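Index from 1, following the sequence. Just so we're clear, the structure is a prediction, and the values are computed from it rather than from any experiment.
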Amino acid sequence: MSTHARITASVYTSHVPAIGVAMDQGRTQDPYWQPLFAGYESSRRWMDANRPDAIVLVYNDHANAFSLDMIPTFALGTAERYEPADEGWGPRAVPPVLGHGELAAHIAQSVIQQDFDLTLINRMTVDHGLTVPLSLMFGPQEPAAPSWPVPVIPLAVNVVQYPVPSGRRCLQLGQAIRRAVESFDTPLNVQVWGTGGMSHQLQGPRAGLINREWDQAFMDRLIADPRGLSEMPHLDYVREAGSEGIELVMWLIARGAMADLDGGGAPRVAHRFYHVPASNTAVGHLILENPDHATA
């Protein structure tokens, strides 16, 4: 058995705020919402059987922890605890997020030494970009619970205010995170989650845009051709997937953390799901397992 940490899987999901509202208000079986939540039932069973020791969760802050006064490109949370943000109608009634300070500090040290200039965050709140994926994968949690079931290391990426990082740089960051995790000398099972997207635009003449064909092609390439996908220019995301479709570059960070990008075997698709609409957004979801997942 390995004496070092390893990345066993990556998870990809949209983080639509209305999904959290539907869960918090007990509306998951409403006709509108039931088909979406049905797509995550097997994911929760998978999570019960493959619960990691820590999650690196890639998301974007929605002007809660950061404002236009300070916009870090990549911000790694190194705190021990993160409270839900008040996004204008009070914080979500979900538990606080507990961090993994030791692993986060190690990732920061390793990734910065690999020439990524991370911003380190020792105190911040976390919004729906982070808590909705946790709700989808773990199910409803009692607000009075001491924490979510697994420690989380937040990695906030600027995809709100241009300039945003390239897909290539995001893929490279995922590779750097993989190397960092594998050099941590504690035998932890770690997952990396990429969140946001899929196609959607929330304002302007194209508000409500959803591009099913482009979304499905993106997931195909994410699985089979991540390097080629990482070269896609920002203009293609915005033209084909809407102004908020640029969030999908964050999926490339999680994909870059998989074994095949550093000479390992191709990942196994444990689950794939796609649904429209969810509050004018296309919802995409993937679970990829590293090939040594079951035997290492």
Same apolar cluster: [X] and [Y], side chain cutoff 4.5 Å:
| X | Y | answer |
| --- | --- | --- |
| Val269 | Phe273 | no |
| Ile153 | Val150 | no |
| Val160 | Leu202 | no |
| Leu130 | Phe138 | yes |
| Val181 | Met258 | yes |

If you take all heavy atoms of [X] and [Y], which pair is closest and at what distance?
| X | Y | value |
| --- | --- | --- |
| Val159 | Val164 | CA-CG1, 3.6 Å |
| Asn211 | Glu240 | ND2-O, 3.0 Å |
| Ala54 | Leu103 | CB-CD2, 4.0 Å |
| Val152 | Leu134 | CG2-CD2, 4.0 Å |
| Val58 | Val157 | CG1-CG2, 3.7 Å |
| Pro165 | Asn158 | CD-O, 3.2 Å |

Take atom [atom1] in [X]; do more than 12 heavy atoms of anything else shown fall under 6.0 Å from it?
| X | atom1 | answer |
| --- | --- | --- |
| Arg272 | CZ | yes |
| Arg51 | CZ | yes |
| Glu142 | CD | no |

Q | Intermediate values then yes/no, side-chain hydrogen bond (donor to acceptor under 3.5 Å, both in side chains), Ser199 and Asp215 | A | CA-CA 7 Å; Ser199 61; Asp215 288 340; 2.7 Å; yes
Q. Where do Leu286 and Met219 land on the side chain to side chain contact (heavy atoms under 4.5 Å, CB included) test, with the steps shown first?
A. CA-CA 8 Å; Leu286 277 173; Met219 288 199 283; 4.0 Å; yes
[X] (side chain) donor-acceptor with [Y] (main chain) under 3.5 angstrom:
| X | Y | value |
| --- | --- | --- |
| Arg206 | Arg239 | yes |
| Gln141 | Pro95 | no |
| Gln216 | Trp214 | no |
| Tyr82 | Gly77 | yes |
| Ser10 | Val192 | no |
| Ser67 | Asp69 | yes |
| Arg44 | Leu136 | yes |
| Asp127 | Ala85 | no |
| Ser110 | His106 | no |
| Asp225 | Arg221 | no |

Below 4.5 Å, heavy atoms only, C-beta onward: do [X] and [Y] meet side chain to side chain?
| X | Y | value |
| --- | --- | --- |
| Asp86 | Pro91 | yes |
| Glu289 | Arg268 | yes |
| Asp236 | Pro233 | yes |
| Arg178 | Leu261 | no |
| Thr119 | Met70 | no |
| His15 | Leu57 | no |
| Pro52 | Val190 | no |
| Ser166 | Glu231 | no |

So how far is it from [X] [atom1] to [Y] [atom2], rounded to the nearest 0.5 Å?
| X | Y | atom1 | atom2 | result |
| --- | --- | --- | --- | --- |
| Thr78 | Met124 | OG1 | CE | 8.5 Å |
| Tyr40 | Met137 | OH | CE | 8.5 Å |
| Ile107 | Leu118 | CD1 | CG | 9.5 Å |
| Gln25 | Asp30 | CD | CG | 9.5 Å |
| Tyr12 | Ile287 | OH | CD1 | 11.0 Å |
| Glu80 | Asn122 | CD | CG | 10.0 Å |

Q: Would you please test Val283 and Ile19 for side chain to side chain contact (heavy atoms under 4.5 Å, CB included) and show each step?
A: CA-CA 10 Å; Val283 170; Ile19 292 175; 4.2 Å; yes
**Q.** Salt bridge present between Asp260 and Arg255 (N-O < 4.0 angstrom)
**A.** yes
Q: Evaluate the criterion side chain to side chain contact (heavy atoms under 4.5 Å, CB included) for residue pair Leu248 and Met198; output intermediate values, then yes/no.
A: CA-CA 7 Å; Leu248 285 166; Met198 293 191 88; 4.0 Å; yes
(Q) Over 60° means perpendicular and under 30° means parallel, so tell me whether Tyr237 and Phe218 are parallel, tilted or perpendicular. (A) perpendicular
Q. Taking the inter-plane angle between the rings of Phe37 and Trp33 on a 0 to 90° scale, is it parallel (under 30°), tilted (30 to 60°) or perpendicular (over 60°)?
A. tilted
Whether the [X] and [Y] side chains hold a donor-acceptor pair (N or O, under 3.5 Å, no angle test) is what I'd like checked.
| X | Y | answer |
| --- | --- | --- |
| His128 | Glu87 | yes |
| Thr8 | Asn189 | no |
| Ser279 | His200 | no |

Q: Carefully, step by step, assess Ile177 and Leu155 under the rule side chain to side chain contact (heavy atoms under 4.5 Å, CB included).
A: CA-CA 11 Å; Ile177 290 171; Leu155 176 58; 3.8 Å; yes
Q.
When you measure from the centre of the six-membered ring of Phe116, is the NZ or CZ of Arg169 closer than 6.0 Å and no more than 45° off the axis?
A. yes
